[in-house]
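First the proteins, then the strands, lettered A, B, ... as listed; each starts at 1. Keep in mind that this is a model prediction, so the values were computed, not measured. Worth knowing before you read on, the calculation uses all heavy atoms, side chains too, and leaves out hydrogens, waters and symmetry mates.
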Number of protein chains: 2
Amino acid sequence: MKYIEKLRNSGLRPTKQRLQICEVLFDTEKTFHFTINNLANKIKKQLNNKISLATIYNTVHAFEKKGYLKQIPINSNQTYFDTNVSDHHHFYDLKEEKLIDLDNSDVGPINILKKVNGKKIKSIEVLVKLED
Amino acid sequence: MKYIEKLRNSGLRPTKQRLQICEVLFDTEKTFHFTINNLANKIKKQLNNKISLATIYNTVHAFEKKGYLKQIPINSNQTYFDTNVSDHHHFYDLKEEKLIDLDNSDVGPINILKKVNGKKIKSIEVLVKLED
DNA sequence: ACACTTATTTAGAATGGTTATAAACTAGAT
DNA sequence: ATCTAGTTTATAACCATTCTAAATAAGTGT
């Protein structure tokens, strides 16, 4: 199993639930955006056994902390995650309430001219809201 | 009263509560960021009378819809608002959990090269996360 | 000033995403 | 096989936000 080592190397035990969630998240051709609710439904459809909601929350947070998932900063009642952890940005279609990836090359280089004492930049995230 | 006309022109009745919230929000030298909880506390301190939490929610949302306030896209359990509605961006200090304004001139021009069929760009928001 | 209509305020209940709890279970080590 | 620490689980708790429906206030016409 290709995810066993990945998990072990991160200090996460490769449990059955984590491996199955890995399959749902990472065994896809394309990366995708999801909420916990989305993911829970996907798991229910794709898998025969049940995974507790608490475990899904735990696992998603564990994966995020390890850098296998990214949270997308957006105002919504639900938290959005992205399986694409490469440096990139998002369109947000306000009408459809849908996120669309923006490659880094789709957004010109961003120069932050202001400095904050003793702090360094961890990430730069651009959200482009779309309307009709 | 300077806010009476402003509210009437927006189709909002200038009630005592709305005028008082206007004072707390806009009678300041500098613009600021806040959550509903922040604002409720500020109102409690600054005003002698009580304004219901439901009214604070209603008013903030009404003001946002009219363009007097902006929501800041950020992942948090609470929604952040900004009294600075001009086009600008934010630093987010992860350790202090604090927002810092970034003037548009502090961020180079941003060119979105990708287009989405039939949609136009409503806003471009940049969030720069800071760590130690 | 008065009556009338509609918007607004309000306390409290309801909602719903997320987190906490604590007991049962499992992976990995000895 | 046994032990220990990490995981999973159902369920309760939490808490920001929204809903509800009754009371109040603003605007309008008379």
Side-chain angles (χ1 to χ4, degrees), chain A residues 1 3-25 33-44 47-66 68-69 71-81 97, chain B residues 1 3-25 33-44 47-66 68-69 71-81 97:
Chain A
M1 300 300 219
Y3 298 115
I4 292 182
E5 277 312 302
K6 181 177 172 174
L7 290 173
R8 274 220 191 84
N9 293 339
S10 315
L12 297 172
R13 288 191 181 168
T15 63
K16 193 181 77 177
Q17 290 85 344
R18 282 178 180 158
L19 289 169
Q20 289 184 327
I21 293 174
C22 275
E23 283 172 31
V24 174
L25 289 176
H33 310 118
F34 66 93
T35 63
I36 296 288
N37 196 41
N38 290 161
L39 181 59
N41 287 332
K42 206 167 184 176
I43 286 170
K44 209 181 295 175
L47 268 42
N48 287 321
N49 56 313
K50 186 174 181 291
I51 297 181
S52 157
L53 190 58
T55 301
I56 298 175
Y57 272 99
N58 289 341
T59 303
V60 166
H61 287 142
F63 286 4
E64 194 212 350
K65 198 170 280 174
K66 297 299 178 183
Y68 303 141
L69 291 172
Q71 246 187 280
I72 303 171
I74 191 174
N75 287 120
S76 168
N77 53 331
Q78 296 184 115
T79 305
Y80 279 80
F81 294 89
E97 296 190 359
Chain B
M1 303 300 220
Y3 298 114
I4 292 181
E5 277 312 304
K6 181 177 172 175
L7 289 173
R8 275 222 189 83
N9 293 338
S10 315
L12 297 173
R13 289 188 182 172
T15 63
K16 193 181 76 177
Q17 290 85 344
R18 282 179 180 160
L19 290 169
Q20 288 183 327
I21 293 175
C22 275
E23 284 172 30
V24 174
L25 289 176
H33 310 118
F34 66 92
T35 63
I36 296 288
N37 194 43
N38 290 160
L39 181 59
N41 288 332
K42 205 166 185 178
I43 286 171
K44 209 181 291 174
L47 268 42
N48 289 323
N49 55 313
K50 186 175 180 294
I51 297 181
S52 156
L53 190 58
T55 301
I56 298 176
Y57 272 98
N58 289 341
T59 304
V60 166
H61 287 142
F63 286 5
E64 194 213 350
K65 198 170 281 178
K66 296 299 178 183
Y68 303 142
L69 291 173
Q71 246 187 282
I72 304 171
I74 192 175
N75 286 119
S76 167
N77 51 332
Q78 290 176 200
T79 305
Y80 278 80
F81 293 90
E97 295 189 359

> Report the residue (B:Y80 or B:L12) whose heavy-atom-nearest nucleotide on DNA chain D is the more 5′ of the two.
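Whichever sits nearer the 5' end wins; that is B:Y80.
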
> Which pair of non-hydrogen atoms, one from A:N75 and one from B:P73, has the smallest distance, and what is that distance?
OD1-CA, 3.1 Å

> So, is A:R8 close to the C:dA27 phosphate, meaning a side-chain N or O under 4.0 Å from OP1 or OP2?
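Checking C:dA27 against A:R8, no side-chain N or O comes under 4.0 Å of OP1 or OP2.
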
> Roughly, in whole Å, what's the span from CG in A:N49 to P in D:dT8?
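Whole-Å distance recorded here is 12 Å.
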
> Establish, with yes or no, whether the OP1 or OP2 oxygen of D:dT18 is under 4.0 angstrom from a side-chain nitrogen or oxygen of B:Y57.
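For D:dT18, neither OP1 nor OP2 has a side-chain N or O of B:Y57 closer than 4.0 Å.
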
> Which part of the nucleic acid does B:N58 contact within heavy-atom distance under 4.0 Å: base, sugar-phosphate only, or nothing?
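Since a base atom lies under 4.0 Å of B:N58, the category is base.
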
> Checking side-chain contact (heavy atoms from CB on, under 4.5 Å) between B:V60 and each of B:I36, B:T79, B:T35, which is the one that passes?
B:I36

> For D:dA16 and B:T79 - does any side-chain N or O of the residue sit under 4.0 Å from the phosphate oxygens OP1/OP2?
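No.
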
> Using only side-chain N and O atoms of A:H61, determine if any of them is under 4.0 Å from OP1 or OP2 of C:dT19.
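For A:H61, the contact criterion (side-chain N or O under 4.0 Å from OP1 or OP2 of C:dT19) is met.
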
> Quick one: A:I56 CD1 to D:dT7 C1', roughly how many Å, whole number?
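Atom-to-atom, A:I56 to D:dT7, this comes out as 14 Å.
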
> What is the separation between atom CD1 on B:I4 and atom P on D:dA26, rounded to the nearest whole Å?
10 Å

> Testing the 3.5 Å rule here: is there a donor-acceptor pair between the side chains of A:N49 and A:Q20?
yes

> In whole Å, what is the span from the CD1 atom of A:I43 to the C1' atom of D:dT8?
13 Å

> Please tell me if A:K50 has a side-chain N or O lying less than 4.0 Å from either OP1 or OP2 of D:dA10.
yes

> Once you round it to whole Å, what is the distance between C1' of C:dT10 and CD1 of B:I21?
13 Å

> Side chain of A:I36, heavy atoms from C-beta onward: which of C:dA11, C:dT18, C:dA20 has the nearest atom to it?
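For the A:I36 side chain, the nearest candidate turns out to be C:dT18.
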
> Would you check if there is a donor-acceptor pair between the side chains of A:N38 and A:Q78 at a distance under 3.5 Å?
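No, no side-chain donor-acceptor pair sits under 3.5 Å.
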
> Pick the closest DNA chain C nucleotide for B:R13 and for B:T55 by heavy atoms, then say which residue is nearer the 5' end.
B:R13

> Ignoring backbone atoms, establish whether A:T35 has a side-chain N or O less than 4.0 Å from OP1 or OP2 of C:dG17.
no

> Compare the minimum distances between each of D:dT9, C:dG17, D:dT8 and the side chain of A:T59, then state the nucleotide with the smallest one.
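Of D:dT9, C:dG17, D:dT8, D:dT8 is nearest to the side chain of A:T59.
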
> To the nearest Å, how far apart are B:L53 CG and C:dG12 P?
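Rounding to the nearest Å, CG of B:L53 and P of C:dG12 are 13 Å apart.
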
> Are B:T15 and D:dA25 close enough that a side-chain N or O sits under 4.0 Å from OP1 or OP2?
no

> Starting at atom CD of B:Q17, determine the distance to atom P of D:dA25, rounded to an integer number of angstrom.
9 Å

> In whole angstrom, what separates B:I51's CD1 from D:dA25's C1'?
15 Å

> Classify the ring geometry of B:F34 against B:F81: parallel below 30°, tilted from 30° to 60°, perpendicular beyond 60°.
parallel

